[in-house]
Every structure is written in C-alpha cells, then in structure tokens.
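A short worksheet on the structure shown next.
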Amino acid sequence: MDNPRRALLVVDVQNDFCEGGSLAVSGGSALAQRITQYMHQSSQGYELILASKDNHVRPHGHFANQPDFLNTWPPHCLAGTRGSEFHPALDFSYFDHIILKGEYQAAYSSFEGSDDAGKSLVDILEKREIDAIDLCGIATDFCVLQSAMNALNLGYPTTVFLDLVAGVSRQASMDALEEMQSRGANIKYAFEIQ
Ligand code: VGL
C-alpha cells in the first residue's frame, strides 16, 4: 500500500498500571511521557489517534485477594477512581476517541470496548477507512498482546513499538513480542536508538 491511512492505538496507560498504582508495571510512568513525546512528534502521520482504558465496575472473576497475575489480579482501574485515569504525563488531548472496556468482565483487547457514543473500535476504524494500526501501551504481555492479535486477525497490518510498551513480566513480554511477530506483526522502534 502506497499511503496507508494509519491509526495509533494507545493501550491502557492508566495510573493503576504505572508506578504507585495497584497493578504497576515497571517503566509505566516513563512510558506515558515517551508516548506523549511520540504523539507530539508524529501525530501528523496518523488519521486517527485512539486510546483504550480498563474501566472495571464488577469484572466477574478478574480480581482476587490472592491474585495469580495471569488470570486474576489485584483490584485495578475501577471506574471513576484516580487509578483508572490516564497517567498525568500522557497528553490525552491527542485522542480522537477513548475506548472503555471491562466493566463487567475481563477485557484484555481494546477491540472488546466501545467509546462514549457506543461505537466499537472496529466501527471507528472502518468509518475512517483505516488501513494499518500502530500499537503502544501497557501491558505488552496482556492487553497489548490481545489487542495486536485481534488487529491481526481482522487483517490489519499491525506494528508494535518496542520502545513504547511495558509489560507485567519480562519473560512473558518477550514471548508476547515473539508471538505477535510470528503472527505477522511488525515489531520496531518508534525512536531511533541513541
Ligand atoms: C491488563 C492485567 C490485568 C492490561 C489489564 O492492561 O494489560 N493487565 N488487566
């Protein structure tokens, strides 16, 4: 494709997933800043910039007192709390739509949510005739992975920015990146390596 119409999807860069939050991944806060810097530099290259948020009310079976950090988690991103807000370093003025997900059940993929007008991510992408998706955010091994898999299954050429993701587990994040790549995702750096 000569000039693909690209969307940037920023996955779950929320306080609870950053340092000080109830389910913090290491590097979350620095990531929020880096994503802002990237949007500042590259927003012109995107037809759409979208963000997703975990927005739990009573997500059946997703929380546990003794979580295993695979299928169950400490309570996080409760709707209406500070923990569910975007990290303050993330400049949300760039976002054309915000996709909320996970109200009553776990929803790792951004494709499971909808915006405040009830539009799904697919509706939004189709309406704007998006050809390709770039992905960044938290967590590499969960929501980024599932969102990327969904995008690939829908047939979107999908890029994941290695320097704009952060994961729960280092090993699982490396495995996730390998899995995305083996399914056809393009894994690359957003910024030149210094
Ligand atoms: C996530 C674990 C639990 C994520 C959400 O955003 O990747 N991870 N809930």
Side-chain angles (χ1 to χ4, degrees), residues 8-35 49-90 92 95 97-115 120-121 133-153 158-180 183 185 187:
L8 176 69
L9 174 59
V10 180
V11 177
D12 299 9
V13 182
Q14 295 166 264
N15 285 321
D16 270 343
F17 295 133
C18 299
E19 284 82 354
S22 64
L23 180 39
V25 306
S26 127
S29 303
L31 178 64
Q33 213 156 9
R34 235 171 17 250
I35 291 173
I49 301 185
L50 309 165
S52 68
K53 278 174 114 177
D54 236 5
N55 187 49
H56 294 314
V57 179
R58 239 176 309 109
H60 183 75
H62 189 53
F63 295 163
N65 290 330
Q66 287 177 323
D68 64 7
F69 290 85
L70 278 176
N71 296 302
T72 56
W73 306 92
H76 58 274
C77 300
L78 286 159
T81 66
R82 191 178 171 276
S84 80
E85 289 171 12
F86 289 124
H87 187 280
L90 187 71
F92 54 80
F95 300 146
H97 296 263
I98 295 167
I99 306 287
L100 301 178
K101 61 186 174 69
E103 281 78 359
Y104 297 99
Q105 58 188 33
Y108 294 105
S109 166
S110 308
F111 286 88
E112 293 177 55
S114 51
D115 73 0
S120 72
L121 185 46
I133 301 177
D134 291 356
L135 267 166
C136 62
I138 302 173
T140 320
D141 37 353
F142 290 92
C143 290
V144 173
L145 171 64
Q146 296 307 327
S147 301
M149 286 304 176
N150 235 326
L152 290 163
N153 286 335
T158 301
T159 298
V160 178
F161 292 126
L162 253 187
D163 48 347
L164 296 183
V165 290
V168 175
S169 138
R170 198 181 162 79
Q171 185 60 51
S173 295
M174 294 193 348
D175 294 346
L177 288 162
E178 233 172 79
E179 191 180 343
M180 293 184 262
R183 293 286 292 277
I187 309 288

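Remember, predicted model here, so these are calculated numbers, not experimental data. Order of appearance sets the numbers: ligands from 1, and atoms from 1 within every ligand.
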Task: ligand 1 atoms in contact with H62 (distance to a heavy atom under 4.0 Å) - done: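 Ligand 1 atoms under the 4.0 Å threshold to H62: 3 (C), 9 (N).
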TODO: Considering the heavy atoms of D12, write down every atom of ligand 1 situated less than 4.0 Å from one of them.
DONE: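 Near D12, the atoms of ligand 1 are 4 (C), 6 (O).
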Task: Heavy-atom proximity to atom 4 (C) of ligand 1, best of C143, S147, S110 - done: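 It is C143 that holds the nearest heavy atom.
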TODO: Using heavy-atom distances, let me know which of F63, W73, F69 sits nearest atom 3 (C) of ligand 1.
DONE: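 Looking at heavy atoms only, the winner is W73.
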If you take all heavy atoms of [X] and [Y], which pair is closest and at what distance?
| X | Y | value |
| --- | --- | --- |
| T140 | G167 | OG1-N, 3.3 Å |
| L164 | C136 | O-CB, 3.2 Å |
| C143 | V11 | CB-CG1, 3.6 Å |
| G102 | P59 | O-CB, 3.8 Å |

Can you tell me the protein heavy atom closest to [atom] and the distance?
| atom | answer |
| --- | --- |
| atom 5 (C) of ligand 1 | D54 OD2, 3.2 Å |
| atom 9 (N) of ligand 1 | H76 NE2, 3.2 Å |
| atom 8 (N) of ligand 1 | F142 CB, 3.8 Å |

Task: D12/K101 ion pair, N-O < 4.0 Å - done: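 Yes, this pair counts.
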Task: Check ion pair R34-D163 (N to O, under 4.0 angstrom) - done: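 Looking at R34 and D163, the cut-off is not met.
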Task: ligand 1 N/O within reach of A139 N/O, cut-off under 3.5 Å - done: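 Checking ligand 1 against A139, an N or O pair does fall under 3.5 Å apart.
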